[in-house]
> 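Okay, handing you the structure first.
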Amino acid sequence: MSSDEYPTDEPAVVTCGLPYANGDLHIGHLRGYTAADAYNRALGKLGQQTAYVCGSDMHGTPIAVGAEQDGVDPEDFAMAYHEQYEETFPKFNVDFDNYGHTHDATNTELTQSIVATLEEEGYVYEKEIKVAWDPEEDQPLPDRYVRGTCPYCGETARGDECDDGCGRHLEPGEIEDPESTITGNRAEYRDREHRFFAVSELSDYLTEFLDGLEGTSNARNQPREWIENGLQDWCITRDMDWGIDYPGAEDELVLYVWVDAPIEYISSTKQYTERVGADAYDWEQVWKPQATTEDGEPDAAASASENGEIIHVIGRDIIQHHTIFWPAMLEVAGYTAPRAVCATGFVTINGKGLSTSRNRAIWAHEYLDEGFHPDLLRYYLTTMGGFQQDLDFSWERFAERVNGELVGTVGNFFYRSLLFAARNFEGTPAVDVSDDVAARIDEAVDEFSTAVNEYDLRGASEAGVRLARFGNEYIQGHEPWKLEDGGDEQAQVIRDCVQVAKAVAVLMEPFMPEKAERAFAQLGADGDVHAVTLDAAREAPGAFPEPDELFEQVEDERVEELEAKLAEKVADAEDDADATDVDDAEDADAAETESDDSTEDDEGDVSDIEPLTEDRISFDDFQAMDLRVGRVEAAEPIEGADKLAKLDVDLGAETRTVVAGIKQLHDLEELPGTKVVVVANMEKNELFGVESNGMVLAAGEDADLLTTHGDSEPGTKVR
RNA sequence: AGCGGGAUGGGAUAGCCAGGAGAUUCCGGCGGGCUCAUAACCCGCAGAUCGGUAGUUCAAAUCUACCUCCCGCUACCA
C-alpha cells in the first residue's frame, strides 16, 4: 500500500465482506455490497486502476448444521445460496470483476499454501483443548451449540457466554450440565489437539499497522483494546468434515472458516487476473510486495509506495477479523497489508436491527418485486448518512429522498435542460461552455475527488447532487424561455446546462450506474459512462432527441401501502418468540443487530424469553415464601453502585430496608408511595455495606416493579 | 465492567480528525416568484444557547476532563 492520493500508479482492489452462504440477502447485506461497488466505481472515475472482487463464504458450522437439517450435502447447501447471490448482485448493478467462493480450487490451494507458510515461519503450534462433544452423534459441538447451567449464577446459559444471566464469558468446559442444542443429547468434553496461530507475537506489528490504516475511524480504534489487553493466540482448526482440510491432518481437522474466508479476497483477485491476463490486471502487483531486500525477502518498509492498494469494505461487526487476524496472517505469509478498512454501520428498520430468522427484514427480492429501480435503493443505502453510522430504512424516507433529490433536483434538471436543448438546438448547442460554468463543474469534480480520498461516499454523491441543484438555479436565473428561441444568448445558457447535465451523469455513475448510462444515452454522449474518467465531465456531449424522464415519483399512497406492509411484518417478527439460539446464530451476519427498544415495549426483549421451566414446585414450596404488599417510603441511590438503590419499605408491621437493583431504571424520587410486592422472608444480605432485609419483585431487565391494582394495605399477604 | 460509535432547529442528516463571523442539506411550516420542466423549479422567512457540567483558548458543535442516555463489540458462532 501507499499513502499517496488516489489515483496511484499501482492497481487497487476493493472487496466487500463475503456473504455467508446460508440465507437470503436483505437490504442490510446490500448496504455493504453497494457501498463497495460505488467506491470501486468512484476510484475508477479518478483514473485509478482497480478491481472489485468478492466470493461466497461456504464453510463453517452454521452451514454444516443447516445442511444437516435439510438433509443435504453442505457443498450443495452452500452452493445453492452461492448461485442465488451470483444472480442477485447484477440485479442491483453490483458489478464484481470476479466473484468466486471459498470452496473452489483456487482458494483451497492458496489457503493451504498460506497456512503452510505460517507453519514454516514458526507461528503455528499445537495445543490440547477441551471440545464439547455429542457422544451419540459422535459430533463436536462448537460453543453455541451447547447449552447448560452457568456455574456463576445458575442461569441457563450458552456454551460461550452466560447470555441470560450474569453475562460472563465462559471458557469451554466451564458450563455445567451441558447439552447439545441440536439433538438435546447430553454433551461431554473431549481433549483434542488443535492448532494455534501465534497472533500474540505480532502485537507490535499490528499496532504499527493500525497507526497507518486508512478508512473509517472505528476500524482503527476498536481493535486497539484487544492489543493493549494482550492478544490471545488464535485457534485456527475445527473438529469438522466441512471446510478446507488442515494440511497434514486431513482426516481430523479443517481450518477455521475465518482463516480461509479472507483469503478469498486474494483468490478472487487471482482468478480475475487468470481471466483477463496479467497485462490487464496483475493480482501479484496488488497482493505481493514488489520490492525485495538483497536476500530476496519482501521488504515491507521500502516497498510501501510500490505496492497495490487494498481496500476492504466490511460490516462493523467483523472489524476485529480484518484488523487483527487478517493483517497478522498477511504479514507472516509475506503479503501486502490492506491500506484501508471501511466498516459500515448496520441497517435498521424503525431504529431496530434486522433479523433473518424472525423475518424482520426487507429482502432483496422483495424490493425488486415492488417494482422499484435498483439504483434508487443504491442511492439510499450509499448516501444516507455517514459510512460508519447505522442507517435507518423506512419507505417514507426512501420516497422522500427519491422524490426530493432524484426526481426534483437531478431528474428535473436533466429533463428541462435536455428538452429545451433538443427542441431548439437538436442537442448540444455549438458554442463553448462559459467560464463560470466550467469552473463550477471543476469545483464539483474536485469535491468528488477529495471525498473519494477520504472514503466519504456521501460526500462524493453530494458533489453530483449539488451540481444539479446549481444547474436548476442557473437555468432559473437565466430564464432561457424568455430569450429568443435558437438565438445566441439562449444557445449559451442551454449549452452550459447540457454540460452540467453531463457532468452530473459522470459524477452520479458510481451510485446509480444504470441511470447514468441512460442519461449518457439521452445526451448523445460518446463513450461508456462506466469506463470514462472525470475528464468526461468537461467534454461536450452530442446531438440528441427529446429525452424521457429519468426518475419517477413515488406516490404517497404507495408509501402508505408499503409502510403498512412493513409494519405488519415487523409485528409478526415481534410475535415470533420462537427464535432459538441456533436461529440466532444464523442471524449473526454483517448486517444485523439484535436490539430491542425496551422503553417502548412493555414486554422488553421478546426474543430472549426463557423457556418455561418444567421443574414443578409443590404448593408447600410456594407457601414457604412470605410475599407481602409493601409501600415504598423512601428511596435513595447507593453511592458507588451502578444499579443499586436503598429502599425503605412499609410492610405494615414494620418498615424494612431493602436493597434493589433499580437505581437507573426508575426515577427514585417518584418511588415513595408506590406499592410493591416483597419477599419478606428472603435471607438477609449485605450489599455495598447496606443490609438488605427482603427482596422487591420486579420483571425483566427493565426492573418493571410488581404492584397491586386494588387498595391492599401494606403487610397484606400475597397468595 | 472495559472498549468503539452516537446524542445538532418539528423529523432526518452534515460539519468535529486539520477550533474562527450563532452552523449543511433534505422533508415539513409560512410568504413570494417563475412557467422550460415530473403539483416540479427558483427566492425569502420562522425555528436549534450543536446531550449535561467544568476547563483550554482572543475564539469551541469542533480540543481536554468528568457525567447522562442510546447502539454495538469483547476472540474455540459466521
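In what follows, every chain begins at residue 1, and chains take the letters A, B, ... in the order their sequences are listed.
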> Looking for any heavy atom pair under 4.0 Å, which part of the strands does A/Arg458 touch: base, sugar-phosphate only, or nothing?
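Sugar-phosphate, backbone atoms only, no base.
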
> Would you kindly give the CD1-to-C1' distance between A/Ile318 and B/G4, to the nearest whole Å?
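About 16 Å, once rounded to whole Å.
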
> Would you mind reporting whether A/Ile263 and A/Met329 have side-chain heavy atoms less than 4.5 Å apart?
yes

> Mind checking A/Asn403 for me? I need base, sugar-phosphate or nothing, with any heavy atom below 4.0 Å counting as a touch.
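Here A/Asn403 touches no strand at all.
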
> What is the pairing partner of B/G19, taking Watson-Crick or G-U wobble pairs with both distances under 3.5 Å in any strand?
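By the stated definition (distances under 3.5 Å), nothing pairs with B/G19.
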
> Taking only N and O in the side chain of A/Gln553, is any of them less than 4.0 Å away from OP1 or OP2 of B/A40?
yes

> For A/Glu454, which contact category applies under a 4.0 Å heavy-atom criterion: base, sugar-phosphate, or nothing?
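Since a base atom lies under 4.0 Å of A/Glu454, the category is base.
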
> Is there aromatic stacking of A/Trp481 on B/C36 here, judged by a ring-centre distance under 5.5 Å and a plane angle under 30°?
yes

> Does the plane of the ring in A/Phe325 sit parallel, tilted or perpendicular to the ring in A/Trp226? Use 30° and 60° as the thresholds.
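Geometry flag for A/Trp226 against A/Phe325: tilted rings.
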
> Identify whether any heavy atom of A/Gln476 sits under 4.0 Å from a base atom; if not, whether one sits that close to sugar-phosphate; answer base, sugar-phosphate or nothing.
base

> Output yes if the stacking criterion (under 5.5 Å between centres, under 30° between planes) is met for A/Phe413 over the base of B/A37, else no.
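The ring of A/Phe413 is not stacked on B/A37.
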
> Look through every strand shown and name the nucleotide pairing with B/A61 as Watson-Crick or G-U wobble, where both distances are under 3.5 Å.
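Pairing partner: none.
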
> For nucleotides B/G5 and B/G51, find the distance between their C1' atoms and express it as a whole number of Å.
15 Å

> Which nucleotide wins on minimum distance to the side chain of A/Trp226, given the candidates B/C26, B/U74, B/A78?
B/U74

> For the residue pair A/His194 / A/Asp239, report whether a side-chain donor-acceptor contact shorter than 3.5 Å exists.
yes

> Looking at the base of B/A75, is there any donor atom on it, or on the side chain of A/Trp234, that sits under 3.5 Å from an acceptor on the other one?
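Counting by modelled atom types and ignoring angles, no donor-acceptor contact under 3.5 Å is found here.
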
> Within the 4.0 Å heavy-atom criterion, would you say A/His321 contacts the bases, only the backbone, or no part of the nucleic acid?
base

> Please check: side-chain N/O of A/Gln522 versus main-chain N/O of A/Asp548, any donor-acceptor pairing under 3.5 Å?
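Yes; at least one donor-acceptor contact below 3.5 Å.
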
> Hey, does the side chain of A/Arg220 come within less than 4.0 Å of B/C17's phosphate (OP1/OP2), counting only N and O?
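No.
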
> Can you confirm whether A/Ile227 sits close enough to A/Ile324 that some side-chain heavy atom of one is under 4.5 Å from a side-chain heavy atom of the other?
yes

> Using atom CD of A/Glu214 as one end and atom P of B/A18 as the other, report the distance to the nearest whole Å.
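These atoms are roughly 15 Å apart.
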
> Using OP1 and OP2 only, check whether a side-chain N or O of A/Asn221 sits under 4.0 Å from B/G5.
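Looking at the OP1 and OP2 atoms of B/G5, one of them is under 4.0 Å from a side-chain N or O of A/Asn221.
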
> Base, sugar-phosphate, or nothing for A/Arg469, non-hydrogen atoms under 4.0 angstrom?
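Touches sugar-phosphate only.
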
> Using a cut-off of 4.0 Å on non-hydrogen atoms, how would the nucleic acid contact of A/Leu419 be classed: base, sugar-phosphate, or nothing?
sugar-phosphate

> Quote, to the nearest angstrom, the C1' distance that separates B/U56 from B/U64.
7 Å

> Roughly how many Å apart are B/U25 and B/C63, using the C1' atom of each and rounding to a whole number?
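Each nucleotide's C1' atom is 26 Å from the other's.
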
> Please indicate whether A/Glu188 has more than 12 foreign heavy atoms, meaning atoms of other residues, nucleotides or ligands, lying under 6.0 Å from its CD.
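For A/Glu188, atom CD is crowded (more than 12 foreign heavy atoms under 6.0 Å).
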
> Checking all strands, does A/Gly230 fall into the base, sugar-phosphate, or nothing category for heavy-atom contacts under 4.0 angstrom?
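A/Gly230: base contact, heavy atoms under 4.0 Å.
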
> So what does A/Gly477 hit on the nucleic acid, given a heavy-atom distance under 4.0 Å: a base, only sugar-phosphate, or nothing?
nothing

> The side chain of A/Asn472 is closest to which nucleotide in this list: B/A78, B/C42, B/C36?
B/C42

> Determine the interatomic distance between P on B/A39 and the same-named atom on B/A21; round to the nearest Å.
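So the two P atoms sit 40 Å from each other.
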
> A/Val257 or A/Asn218: which one's nearest nucleotide on RNA chain B is closer to the 5' end?
A/Asn218

> Considering every strand and a 4.0 Å limit on heavy-atom distances, what is the contact class for A/Glu549: base, sugar-phosphate, or nothing?
base

> Given the C1' atoms of B/G31 and B/G47, what is the spacing between them in whole Å?
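Result for the C1' pair: 15 Å, nearest Å.
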
> Say you pick atom P in B/G20 and the same atom in B/U62; how far apart are they, in whole Å?
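Each nucleotide's P atom is 11 Å from the other's.
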
> Whether A/Tyr256 contacts B/C77 is assessed here as follows: a side-chain N or O lying under 4.0 Å from the phosphate OP1 or OP2. Is that the case?
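No, A/Tyr256 has no side-chain N/O under 4.0 Å of OP1/OP2 on B/C77.
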
> Give one of base, sugar-phosphate or nothing for A/Glu228, where a contact means two heavy atoms less than 4.0 Å apart.
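The answer is nothing, as A/Glu228 stays clear of every strand by at least 4.0 Å.
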
> Under 4.5 Å between any side-chain heavy atoms of A/Arg440 and A/Tyr474, yes or no?
no

> Which nucleotide, B/U38, B/C41, B/C34, lies nearest any side-chain atom of A/Tyr415?
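From the listed options, B/U38 comes nearest.
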
> Can you tell me how far P in B/A46 sits from the matching atom in B/A23, rounded to whole Å?
11 Å

> Tell me which of A/Asp392 and A/Leu231 sits closer to the 5' end of RNA chain B, going by the nucleotide each one is nearest to.
A/Asp392

> Looking only at atom P, what distance separates B/G11 and B/A48, rounded to whole Å?
13 Å

> Would a line drawn from the ring center of A/Trp395 to the ring center of A/Phe372 be shorter than 6.0 Å?
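Judged by ring-centre distance (under 6.0 Å), A/Trp395 and A/Phe372 do meet the cut-off.
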
> Please classify the nucleic acid contact of A/Ile494 as base, sugar-phosphate, or nothing, using heavy-atom distances under 4.0 Å.
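Since no nucleic acid heavy atom lies under 4.0 Å of A/Ile494, the category is nothing.
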
> With heavy atoms under 4.0 Å as the rule, sort A/Val407 into base, sugar-phosphate or nothing.
base

> In the structure shown, which nucleotide is the Watson-Crick or G-U wobble counterpart of B/A12, with both distances under 3.5 Å?
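B/A12 is paired with B/U25.
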
> So which nucleotide does B/A37 pair with, by the Watson-Crick or G-U wobble rule with both distances under 3.5 Å?
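Check on B/A37: unpaired, no WC or wobble geometry under 3.5 Å.
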
> From NZ of A/Lys515 over to P of B/U38, roughly how many Å is that when rounded to an integer?
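Rounded to whole Å, this separation is 16 Å.
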
> Among B/C27, B/C42, B/U38, find the nucleotide with the atom closest to the side chain of A/Glu400.
B/C27

> Which base, if any, makes a Watson-Crick or G-U wobble pair with B/G2, both distances under 3.5 Å?
B/C73

> I need the CZ-C1' distance between A/Arg401 and B/A12, as an integer number of Å.
10 Å

> Grab the CD-C1' distance between A/Glu264 and B/A78 for me, whole Å please.
15 Å

> Assign the ring pair A/Phe448 / A/Phe511 to parallel, tilted or perpendicular, where the plane angle (0 to 90°) is split at 30° and 60°.
perpendicular

> Check every atom of B/C42, B/C34, B/G72 against the side chain of A/Glu473 and return the nucleotide holding the closest atom.
B/C42

> Need one value for A/Phe551: base, sugar-phosphate or nothing, where a base atom within 4.0 Å counts as base even if backbone is also close, heavy atoms only.
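Base contact.
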
> Between B/C76, B/G5, B/C73, which nucleotide gets closest to the side-chain atoms of A/Cys235?
B/C76

